[in-house]
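Below is one structure, written out as structure tokens, with a few remarks after it.
Every chain is numbered from 1 and lettered A, B, ... according to where its sequence line falls, protein lines coming before strand lines.
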Protein chains: 2
Amino acid sequence: MKYSIGEVAKKLNLTAYTLRYYDKEGLIPFVERTPNGIRMFKESDLDALKVIECLKSTGMPIKEIKNFIDWCSEGDASLQQRYDLFMERKATVFAQMEELEKTMELIEHKCNYYKTALDAGTEEIHKNNKIEGF
Amino acid sequence: MKYSIGEVAKKLNLTAYTLRYYDKEGLIPFVERTPNGIRMFKESDLDALKVIECLKSTGMPIKEIKNFIDWCSEGDASLQQRYDLFMERKATVFAQMEELEKTMELIEHKCNYYKTALDAGTEEIHKNNKIEGF
DNA sequence: ATAAACCTTATAGTTAACTCTAAGTCAAGG
DNA sequence: CCTTGACTTAGAGTTAACTATAAGGTTTAT
């Protein structure tokens, strides 16, 4: 099964513009074309795009993702680099999770703060509390 | 205890440029000045900045954060809006956590994939596996 | 008293990641 | 045959969030 750029855009919740931009940036050099130049995405191309989106969601910039794509076409010589890359990403994502936990704690604290204030009808209820200044 | 813009920048791991930018965007209207116009940050201003950084880390754009800051100076009339804002943020952060879990799963899968390939000396080891295409 | 190290303003420049426009090609349906 | 709609390219425009510059003022240490 092959897909047009519009179909892939829909499937992956991207735009055709974005996919052409990725192509221009060298992220999807493996996508084949019809004789008249139209991109034909294979199933494996979709898998690759999912990995690209995964890396992007970890905050990796497109230029670094391109390095990884380049390594992929270098074959076994780059296996160590690619392993290292994912191990480093794993650490990054772990740090992001911890960061997000802390964010959640403050958000929940604020939810409670405003719930209490709302129940009391005024924020004054917190004004004695030296810890909660804002 | 009062702090200069440079001290606050260091404390919160921002730059003085960023803090002046926040001020220009109306994020910190409560920061007072010396008679000759120099910003003097109070302890409570640091707390406010921490909340701003927290909201920012949830992906909230600066203009929306400004709305919240405006609500804060409106007093009790905006308690409901502020409560709603944090409840909505809570849902957002929860969704981000779930997203990050999925990302982590794919990353860990890739770590294993490359570990196996590295041990075998070649990526060929995965070529029979129809599920793992990339 | 003079240089270093801060601060101020207004405004211009940068960066990443899109996002869109213009001009044109191509295949299918009425 | 001709229109519709999806595709192509090159290149320009957008946006958010900084980031830096220029020109100048103030405070502190020698």
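- Remark: C1' of D/dT26 and CZ of B/Arg39 are 15 Å apart, rounded to the nearest angstrom.
- Remark: the backbone N or O of B/Glu43 is not paired with any side-chain donor or acceptor of B/Lys2 at under 3.5 angstrom.
- For B/Phe68 and B/Phe86, the ring centers sit closer than 6.0 Å to each other.
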Every protein N/O lying under 3.5 Å from an N/O of nucleotides 22-29 of chain C:
| residue | atom | partner | partner atom | Å |
| --- | --- | --- | --- | --- |
| C/dA27 | OP1 | A/Asn36 | ND2 | 3.0 |

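- A straight line from NZ of A/Lys66 to C1' of C/dA17 spans 17 Å, rounded to a whole angstrom.
- Cation-pi geometry between A/Lys110 and A/Tyr113 is met: the NZ or CZ atom falls under 6.0 Å from the ring centre, inside 45° of the normal.
- A side-chain N or O of A/Tyr22 and one of A/Lys56 form a donor-acceptor pair less than 3.5 Å apart.
- Computed from coordinates, the A/Ile52 CD1 to C/dC18 P distance equals 11 Å when rounded to whole Å.
- In this structure, the CD atom of B/Glu25 is 10 Å from the C1' atom of D/dC18, given to the nearest Å.
- Applying a 4.0 Å cut-off to non-hydrogen atoms, the residues of residues 9-23 of chain B that approach DNA chain D are B/Tyr17, B/Thr18, B/Tyr21, B/Tyr22, listed by residue number.
- We find that CD1 of A/Ile5 is positioned 14 Å from C1' of C/dC18, with the value rounded to whole Å.
- The shortest distance between the side-chain N/O atoms of A/Ser4 and the OP1/OP2 oxygens of D/dA6 is not below 4.0 Å.
- Without hydrogens or angle criteria, A/Glu7 side chain to A/Ser4 main chain gives a donor-acceptor distance under 3.5 Å.
- Set against C/dA16, C/dT9, C/dC18, the side chain of A/Ile62 has C/dC18 as its closest nucleotide.
- Of the candidates D/dA16, C/dT8, D/dC7, D/dA16 carries the atom nearest the B/Lys63 side chain, counting heavy atoms from C-beta on.
- Distance CE (B/Met40) to P (C/dT8): 11 Å, rounded to an integer number of Å.
- Base contact: A/Lys24 has a heavy atom under 4.0 Å from a base atom.
- For residues 58-67 of chain B, the set of pairs meeting the salt bridge (charged side-chain N to carboxylate O under 4.0 Å, His left out) definition, not counting sequence neighbours, comprises B/Lys66-B/Asp70.
- Listed by chain and residue number, nothing satisfies the side-chain hydrogen bond (donor to acceptor under 3.5 Å, both in side chains) test with B/Lys50 (two or more places apart in sequence, or in another chain).
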Result block: side-chain N/O donor-acceptor pairs under 3.5 angstrom for residues 91-100 of chain B, not counting sequence neighbours:
| residue | atom | partner | partner atom | Å |
| --- | --- | --- | --- | --- |
| B/Thr92 | OG1 | B/Glu88 | O | 3.0 |
| B/Thr92 | OG1 | B/Glu88 | OE2 | 3.3 |
| B/Gln96 | NE2 | B/Thr58 | O | 2.8 |

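- Annotation: side chain to side chain donor-acceptor pair (under 3.5 Å) contacts involving residues 75-84 of chain B, sequence neighbours excluded, comprise A/Tyr114-B/Arg82, A/Thr122-B/Asp76, A/Glu123-B/Arg82, B/Ser78-B/Arg82, B/Gln80-B/Asp84.
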